[in-house]
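Below is one structure, written out as structure tokens, with a few remarks after it.
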Protein chains: 2
Amino acid sequence: MQVTVQPERTLSPLVKKLQLWGPLDDAAQEAILALPHKVEELLPHKYIVREGDRPSYSCLLLEGFAFRHKVLVDGSRSINAIHMKGDMVDLQNSLLGTADHSVQTLTRVTAAFIPREAIRQIAFDVPAVGMAMWYDTLVDASIFREWIANIARRDAASRIAHLLCEFGLKLEAIELGDRLSYEMPMTQEQLADATGLTAVHVNRTLMDLENRGLIARAKKFVAISDWKRMEDVAGFTDGYLHLRDESSVLQ
Amino acid sequence: MQVTVQPERTLSPLVKKLQLWGPLDDAAQEAILALPHKVEELLPHKYIVREGDRPSYSCLLLEGFAFRHKVLVDGSRSINAIHMKGDMVDLQNSLLGTADHSVQTLTRVTAAFIPREAIRQIAFDVPAVGMAMWYDTLVDASIFREWIANIARRDAASRIAHLLCEFGLKLEAIELGDRLSYEMPMTQEQLADATGLTAVHVNRTLMDLENRGLIARAKKFVAISDWKRMEDVAGFTDGYLHLRDESSVLQ
DNA sequence: CGAGCGTTTGATCGGTGTCAAGGATCGTGG
DNA sequence: CCACGATCCTTGACACCGATCAAACGCTCG
């Protein structure tokens, strides 16, 4: 893969994402936009990183959706994160060295590949950027913790409702949609692997949520009829996403 | 709380822990040891941080064990990590600002409290330390991902066997024990909250593992009879702990 | 020695998994 | 634009793992 420096605004989704956690001054923004990178289009279901790889590039999503997952020895799959525009989809793998999980596209994706050495450099040359990226990985970890609680302690209806609330809020945060109505890019089997259920039970649970008047569905589109009731069913509170956290180190 | 600078080797467990991820030169080590901090003794079951707090100190474990957990709206509890000597137990909470989960002692604990501003400063003044701390939080995230898979896709016996393998390996990594035989500081109820089970079922499962000749138990002590068989039952592979990862950014 | 916590055991229930098959939708190529 | 195959969704019957409820037991530490 060839790396080219593109002085345009290609990487602006990253600037926007990192600014969710706190303002960045012009110098910091310019430094991000100036990162060397190479843009690629990827088809659905394509692997970005495979478990065991030693990626030397980090992948930034510019368009489309992707997910992280592990495959266990018995062949079952566990999805542990869904990613969207502006997410550094394998910062974790590329800095850690050997990938402990795979990353795969969900839809058609446009992605920028940035050399990991460039990430490391900008992190320390421009501390504000380094802190924002560190913060970003800490928020990812916070979401992992919430998923552990979701899968460990909630029943099927709550788990799925929770995932739908989270997805809507994340879309809204990056100004890509409305928490109350959006296109959900996952199949029921993928939802199952993200919630520790089976595809059959996800199907029944979605129909149940629909029958109870909590959601409406049409093709891949989901509409949440009553956000408050949905939050109640999900046991959802948005603190773990750390959107608008007034007391972070970044403020 | 009063902060005092102690030029001794009190913080050496942190140096040792961070060196799991790669060597640190003398200057970096000295900088860590010189961090301002205050040492405290804590009784078992005492809260170090509560969800919703805005901690301005990070807590480093010098002795004893602690765990992180969330309490859901229905009152159920989800434990998402166990911590031991050398772990920065609430780096995540203190940098994020508002704690999204609680941290509690498991046993009697000796801990050093370090101001978060000092953490932030050392991270950028001494990039090697900053990178090691970032790396450390990435390994935590990797462990969270494995726990998601553990709870989502393994049965009760595998989940518990997996937790026992992980605990033993972590003890061994910090030279505090032997993976094959150690004192497990958790009650069966805590094990249940860490594996998404109930205390009753943990009890039955432990007895089952014992009857199958996989483990032996006496009081709080656990002995793993056959590591290889235990790994098989657990579906355990140690890659996600990133001990001896030859291709990280730190090497 | 007693209280409290943690462990063990039994009986029963229920949520979710499994297996199997049919139906809908989508993407692709003719 | 239609045909066709593949993927995804839906439905039913049944099985089973782990939850629940209840009670007794045994440490351990004041």
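Below, each value reflects all heavy atoms present in this structure, side chains not excepted, and no hydrogens, waters or symmetry copies. Order of the sequence lines fixes the chain letters, A, B, ..., with proteins taken first and strands second; residue numbering starts at 1 for each chain.
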Take T205(A) and D208(A) through the test side-chain hydrogen bond (donor to acceptor under 3.5 Å, both in side chains) and record every step on the way to the result.
CA-CA 5 Å; T205(A) 306; D208(A) 180 51; over 6 Å; no
_Verdict with reasoning, F167(A) to Y182(A), per ring pair (Phe, Tyr, Trp, His ring centres under 6.0 Å)_ = CA-CA 9 Å; F167(A) 196 84; Y182(A) 55 81; 5.3 Å; yes
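Between K219(A) and D155(A), it is D155(A) whose nearest contact on DNA chain C lies nearer the 5' terminus.
On the nucleic acid side, DNA chain D contacts chain B at distances under 4.0 Å to non-hydrogen atoms, with the end points of that region at dG18(D) to dT28(D).
A donor-acceptor contact closer than 3.5 angstrom links the side chains of E166(A) and Y240(A). S181(B) and D178(B) are not linked by any side-chain donor-acceptor pair at a separation below 3.5 angstrom, with hydrogens and angles left out of the test. Residues D155(A) and S158(A) have side chains that bring a donor and an acceptor to within less than 3.5 angstrom of each other.
Tested against H101(B), the residues Q92(B), H69(B), K70(B), R68(B) include a single side-chain hydrogen bond (donor to acceptor under 3.5 Å, both in side chains) partner, R68(B). Each of L60(B), D53(B), L96(B), V49(B) was evaluated against D90(B); a single residue qualifies, V49(B), per the side chain to side chain contact (heavy atoms under 4.5 Å, CB included) test.
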Expected string for nucleotides 4-14 of chain C under the B/S/- scheme (protein heavy atoms, under 4.0 Å, primed atoms plus P, OP1, OP2 as sugar-phosphate) is --SSBBBB---
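Counting non-hydrogen atoms of other residues, nucleotides and ligands closer than 6.0 Å to CD of E51(B) gives a total above 12.
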